[in-house]
Protein chains: 2
Amino acid sequence: MGKVRGELRSHCPINFGIEIFGDRWTLLVLRDLLLQGKRRFGDFQASEEGISSNILAERLDRLTHYGLVTAERVAGDRRQIRYEPTEAGRALLPVLVEMAYWGARHDPRTAAPKSFALAYEADRAGLLRSVEAGTNPSEG
Amino acid sequence: MGKVRGELRSHCPINFGIEIFGDRWTLLVLRDLLLQGKRRFGDFQASEEGISSNILAERLDRLTHYGLVTAERVAGDRRQIRYEPTEAGRALLPVLVEMAYWGARHDPRTAAPKSFALAYEADRAGLLRSVEAGTNPSEG
DNA sequence: CTCTTAACTTGCATTTTGCAAGTGAATATC
DNA sequence: GATATTCACTTGCAAAATGCAAGTTAAGAG
């Protein structure tokens, strides 16, 4: 059961996001969901950062609770649950892309290929569209 | 003393940002710094979310450690310390703007004026420039 | 001097995180 | 159809982070 969180500290539009995904794991789940096409519990667990199962379960609950994600059992294999981003979840893609660009430019050891930052700089809107369509060539 | 953090979980460009500002307070400090023009310890403390002084001190330390912020004593009043964003810190502005837009569009009780989301939709690049210049009319 | 201001520190209770192991239901295998 | 395996969690508990209140130190004001 997703624990219902109390009052927000403020309704500053930046704070709103922080209250939902301002922690060390939630944005990684959203990254996997929106950029890597992952849809299942085990997929998220398999990411290199190594989220543990109790944390992952709580975050998926919270994302569902806040309407960024939906969860449903898979017909054909009722053990599985498929997580899908909602419109509100997909609307976070530009946030992720800006963070990725910042990381690509400021982490001296970044794993992002140069082509990503270059593509961003050449045509941000185009990059966003291709990432949205899942046809972006400059990601792992 | 800023505690030096250990190894990063990964060099995914999104994770890099999370490791630095993925918590409930750091982005609020950056918001105050980049969007509200706040420069002093007491200014940050005065924000409506109510950060406590030990947390604030630790976050400022960390931001300084990671090179997003500089700290220096004010000549003329050596009690004061002035915090300034670096280039890397200012480069987070687009991330904050995307988060603000998302919050403005998805928090039903958002404090953001409609003009902000409308200005974003009409001319994102122009909004970014005006926010960068501190001449943005659609913020509190 | 004494008082006040500014920027922290410290102590401690509460909450969150993280690891390892365990559970229960559904499906695959023998 | 009994057994093993997969999947998505739960549970227990130690460790770390957070949050509140009060205290400290250095500098400037009166």
Side-chain angles (χ1 to χ4, degrees), chain A residues 1-10 15 18-29 32-33 38-66 69-84, chain B residues 1-10 15 18-29 32-33 38-66 69-84:
Chain A
M1 302 292 132
K3 61 184 82 163
V4 176
R5 314 206 119 220
E7 277 294 288
L8 298 181
R9 297 174 296 187
S10 81
N15 183 56
I18 293 174
E19 305 249 13
I20 296 175
F21 50 77
D23 66 75
R24 294 171 56 73
W25 292 108
T26 306
L27 281 171
L28 293 180
V29 173
D32 288 351
L33 205 58
K38 297 187 178 184
R39 290 294 180 270
R40 288 173 44 190
F41 196 93
D43 297 336
F44 301 122
Q45 258 188 308
S47 287
E48 69 174 315
E49 289 85 5
I51 190 170
S52 55
S53 57
N54 55 341
I55 307 286
L56 176 57
E58 201 271 332
R59 295 303 190 277
L60 287 169
D61 252 16
R62 190 197 313 196
L63 288 172
T64 302
H65 169 76
Y66 278 110
V69 159
T70 57
E72 57 177 312
R73 272 180 199 287
V74 171
D77 184 348
R78 314 236 340 121
R79 286 171 304 181
Q80 293 184 36
I81 292 187
R82 176 161 291 256
Y83 293 96
E84 295 280 351
Chain B
M1 303 288 139
K3 60 185 82 164
V4 177
R5 314 207 119 220
E7 277 295 287
L8 298 182
R9 297 175 296 187
S10 81
N15 184 56
I18 293 175
E19 305 249 12
I20 297 175
F21 51 76
D23 66 75
R24 294 172 56 72
W25 292 109
T26 306
L27 281 171
L28 293 179
V29 173
D32 288 351
L33 204 59
K38 296 187 176 183
R39 290 294 179 270
R40 288 174 42 192
F41 195 94
D43 297 335
F44 301 122
Q45 258 188 310
S47 288
E48 68 172 318
E49 291 86 3
I51 191 170
S52 56
S53 57
N54 54 343
I55 307 287
L56 176 57
E58 200 272 332
R59 294 304 191 275
L60 287 168
D61 252 16
R62 189 195 316 193
L63 287 171
T64 303
H65 169 76
Y66 278 110
V69 159
T70 57
E72 57 178 311
R73 272 179 199 287
V74 171
D77 184 347
R78 315 232 340 121
R79 287 171 303 180
Q80 293 183 36
I81 292 187
R82 177 161 293 256
Y83 294 95
E84 295 279 352

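The model shown is predicted, which means the values in this text are computed figures rather than measured ones. Chain naming here is simple, since letters A, B, ... match the order of the sequence lines and numbering starts at 1 in each. Only this structure's heavy atoms are used, side chains among them; waters, hydrogens and symmetry mates stay out.
- Residues B/Arg62 and B/Asp23 meet the side-chain proximity criterion, which asks for heavy atoms closer than 4.5 Å.
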Quick test: give all pairs of protein nitrogen or oxygen and nucleotides 26-30 of chain D nitrogen or oxygen below 3.5 Å, distance rounded to 0.1 Å.
| from | atom 1 | to | atom 2 | distance (Å) |
| --- | --- | --- | --- | --- |
| D/dG28 | OP1 | B/Arg78 | N | 2.9 |

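- Atom CD1 of A/Ile51 and atom P of D/dC9 are 12 Å apart (whole Å).
- For A/Arg40, there are no salt bridge (Lys or Arg N to Asp or Glu O under 4.0 Å) partners at least two apart in sequence or on another chain.
- Evaluation of the salt bridge (Lys or Arg N to Asp or Glu O under 4.0 Å) rule for A/Arg78 yields no partner, not counting sequence neighbours.
- Distance from the side chain of A/Ala57 is smallest to D/dC9 among D/dC9, D/dA8, D/dG19.
- The phosphate of D/dT18 has neither OP1 nor OP2 within less than 4.0 Å of any side-chain N or O from B/Arg24.
- When rounded to the nearest whole Å, the span between CG of B/Asp23 and P of D/dA17 equals 11 Å.
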Worked check of side chain to side chain contact (heavy atoms under 4.5 Å, CB included) between B/Ile81 and B/Phe41: CA-CA 7 Å; B/Ile81 292 187; B/Phe41 195 94; over 6 Å; no
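- The interatomic distance linking B/Asn54 (CG) with D/dC20 (C1') rounds to 8 Å, in whole Å.
- The salt bridge (Lys or Arg N to Asp or Glu O under 4.0 Å) test applied to B/Asp32 returns no partner, not counting sequence neighbours.
- Rounded to a whole Å, the CD atom of A/Glu72 is 13 Å from the P atom of D/dC9.
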Every protein N/O within reach of nucleotides 22-24 of chain C N/O, cut-off under 3.5 Å:
none

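- Closest of all the heavy-atom pairs between A/Lys38 and A/Ala46 is NZ-C, 4.5 Å.
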Strand DNA chain C in bracket notation, Watson-Crick/G-U under 3.5 Å with | for pairs to another chain: ||||||||||||||||||||||||||||||
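- The nearest whole Å value for the distance from the CD atom in A/Gln45 to the P atom in C/dA21 is 15 Å.
- Comparing B/Arg9 and B/Leu60 by the nucleotide of DNA chain C whose heavy atom lies nearest to each, the residue mapping closer to the 5' end is B/Leu60.
- B/Arg39 meets the side-chain hydrogen bond (donor to acceptor under 3.5 Å, both in side chains) test with B/Glu84; sequence neighbours excluded.
- In this structure, A/Trp25 does not reach the C/dT16 phosphate: none of its side-chain N or O atoms is under 4.0 Å from OP1 or OP2.
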If you look only at distance, which donor and acceptor atoms sit under 3.5 Å apart when one is on a side chain in residues 49-56 of chain B and the other is two or more places apart or in another chain?
| from | atom 1 | to | atom 2 | distance (Å) |
| --- | --- | --- | --- | --- |
| B/Glu49 | OE1 | B/Arg31 | NH2 | 2.8 |
| B/Glu49 | OE2 | A/Ser10 | OG | 2.7 |
| B/Glu49 | OE2 | B/Arg31 | NH1 | 2.9 |
| B/Ser52 | OG | B/Asn54 | OD1 | 3.0 |

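- The CG-P distance, from B/Leu56 to C/dC8, rounds to 8 Å in whole Å.
- For the side-chain hydrogen bond (donor to acceptor under 3.5 Å, both in side chains) test, no residue two or more places apart in sequence or in another chain qualifies with B/Arg73.
- Atom C1' of nucleotide C/dT9 and atom CD1 of B/Ile81 are separated by 14 Å, given to the nearest angstrom.
- Judged as a salt bridge (Lys or Arg N to Asp or Glu O under 4.0 Å), and not counting sequence neighbours, B/Glu48 has no contacts.
- When distances run from any side-chain atom of B/Phe41 to the nucleotides C/dG18, D/dC9, C/dC8, the shortest one goes to C/dC8.
- As rounded to whole Å, 16 Å separates atom C1' of C/dT16 from atom CG of A/Asp61.
- Here B/Arg82 lies out of heavy-atom contact (under 4.0 Å) with every strand.
- Which of D/dG19, C/dA7, C/dT17 sits closest to the side chain of A/Arg59 comes down to C/dT17.
- Comparing C/dC19, C/dA7, D/dG19 against the side chain of B/Ile55 picks out D/dG19 as the nearest.
- The ring pair (Phe, Tyr, Trp, His ring centres under 6.0 Å) search around A/Phe44 returns none, not counting sequence neighbours.
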